[in-house]
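Throughout, residue positions are numbered sequentially from 1 according to the sequence presented. One-based numbering, in listed order, for ligands and for the atoms of each.
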Amino acid sequence: MNLKDVKNEWINELSQPLMIAGPCSAESEAQMLETARRIRETNAQVPIFRAGIWKPRTKPNGFEGVGVIGLNWLKKVKEEYGFKTATEVANAHHVFAALEADVDVLWIGARSTVNPFTVQEIAMALRGTDKPVFVKNPVNPDLALWIGALERLLGQDIKNLGVIHRGFSTYQKTKYRNNPNWQIALDFKSQFPNIPMLIDPSHICGNRTGLADITQEAFNVGYQGAIIETHSNPDEAWSDASQQITPEVLAELIGNLKVRNSGIAGFDNEMGRHRTLISDLDFQLIELLSQRMKISEKIGKLKKENDIAIFQPERWKVITEYATQKARETGMSQEFIEKVFKAIHEESIEVQNSIMIDR
Ligand code: PEP
Ligand code: MN
């Protein structure tokens with residue numbers, strides 16, 4: 001069976017759009033039950049409760065998850081509040097423990113998707129079950145690796161598959177914790193339109209303020225749901241405190257989301273896709289410009305220390321030369337490229353000037 005033939009009916013039995021919420025990490029029975037109770041009390045449509053039991057942390061010696069005891073708490077959440085439950089698995093032991101504890105949905109984390117050995121081990125441990133599995137995008141922007149992980153699961157006859165777009169890690173820190181890089185996720189979506197795709201705004205944003213916009217943007221381009229980290233007391237969370245929200249804030253966010261009517265999805269989605277990609281590129285342009293201006297500041301300081309003139313005509317000559325060459329290579333008009341570079345160069349001189357005046 002081919003990934004293109006994977007059906008998404010399993011997800012349709014759950015509410016549309018599919019919302020998954022719960023804490024980054026299970027911390028205590030009380031924290032889990034209070035979070036679950038408060039999500040229920042808001043009446044928001046959230047059929048699945050998430051919690052990380054085993055946590056992949058960037059550095060050692062931090063909180064690495066409560067381990068198997070947390071599975072009992074997920075069970076209680078299911079019994080007392082009627083949620084389906086979801087957790088991350090990162091090796092065969094996790095899979096066996098989660099299956100034993102009757103966790104309903106599993107996900108493979110971004111740090112596991114990058115490793116074919118890990119994915120293969122998880123896939124083989126799942127063989128013979130019909131567990132729904134969501135595969136998060138790998139931390140690095142590699143579409144083939146993401147698809148490869150799904151193929152490994154399908155190779156073991158795991159067919160209830162979905163993906164989660166949680167953004168991609170970058171060396172240069174930007175306003176996002178993980179850059180959405182919509183292009184990759186949308187390329188995935190256009191190759192495999194039947195595989196349900198959820199957005200994980202929590203790990204993309206790394207903060208609370210951007211969650212609603214990222215989720216709406218994803219819904220505009222036809223994502224089927226979202227997984228949002230929700231905690232009874234986010235400020236005190238043991239992991240990812242800055243991005244978690246309370247159940248009440250979650251309910252408000254969900255209430256404000258506009259779910260697009262699929263009847264006009266053809267036009268809306270294509271338009272939405274183009275707009276999203278343009279915003280994505282604009283964002284990258286702004287980030288690059290800001291990095292460029294920071295270098296200009298450093299140059300300004302050096303010029304000041306060494307008493308060198310700010311405007312150096314030969315430098316401008318070099319810039320116009322590569323602008324001309326790039327215009328030829330890309331087929332854009334030379335006039336346009338020169339206009340853009342002139343504006344950038346002028347601003348860069350401004351930045352250097354202000355350093356001269358300041359100190
Ligand atoms: C998580 O969902 O808590 C998590 C660890 O996510 P990711 O694998 O996307 O970092
Ligand atoms: Mn997290």
Is it the case that ligand 1 has an N or O less than 3.5 angstrom from some N or O of [X]?
{"X": "Asp200", "answer": "no"}
{"X": "Ala110", "answer": "yes"}
{"X": "Lys136", "answer": "yes"}
{"X": "Glu88", "answer": "no"}

Does the distance from a Lys or Arg side-chain N to an Asp or Glu carboxylate O, for [X] and [Y], drop under 4.0 Å?
{"X": "Asp104", "Y": "Lys78", "result": "yes"}
{"X": "Lys75", "Y": "Glu79", "result": "no"}
{"X": "Lys189", "Y": "Asp187", "result": "no"}
{"X": "Glu305", "Y": "Lys301", "result": "no"}

Hey, which atoms in ligand 1 end up nearer than 4.0 Å to a heavy atom of Gly109?
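The atoms of ligand 1 under 4.0 Å from a heavy atom of Gly109 are 8 (O).
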Donor-acceptor under 3.5 Å (Lys4 side chain, Gln191 main chain)
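Yes.
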Give the single entry among Lys55, Glu229, Arg50 that approaches atom 2 (O) of ligand 1 most closely by any heavy atom.
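The nearest heavy atom belongs to Arg50.
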If you take the nearest heavy atom of each of His203, Arg57, Arg166, which one is closest to atom 10 (O) of ligand 1?
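Going through His203, Arg57, Arg166 one by one, Arg166 has the nearest heavy atom to atom 10 (O) of ligand 1.
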Compute the ring centroids of Phe134 and Trp10, then answer whether they are less than 6.0 Å apart.
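Phe134 vs Trp10: aromatic centres under 6.0 Å.
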Going by the angle between their ring planes, with limits at 30° and 60°, are Phe49 and Phe83 parallel, tilted or perpendicular?
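Judged by the thresholds at 30° and 60°, the geometry between Phe49 and Phe83 is tilted.
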In Glu229, which N, O or S atom comes closest to the Mn ion (ligand 2)?
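The Mn ion (ligand 2) is closest to the Glu229 atom OE2, counting only N, O or S.
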Can you tell me the angle formed at the Mn ion (ligand 2) by NE2 of His203 and OD2 of Asp240, to 10°?
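Reported to 10°, the angle equals 90°.
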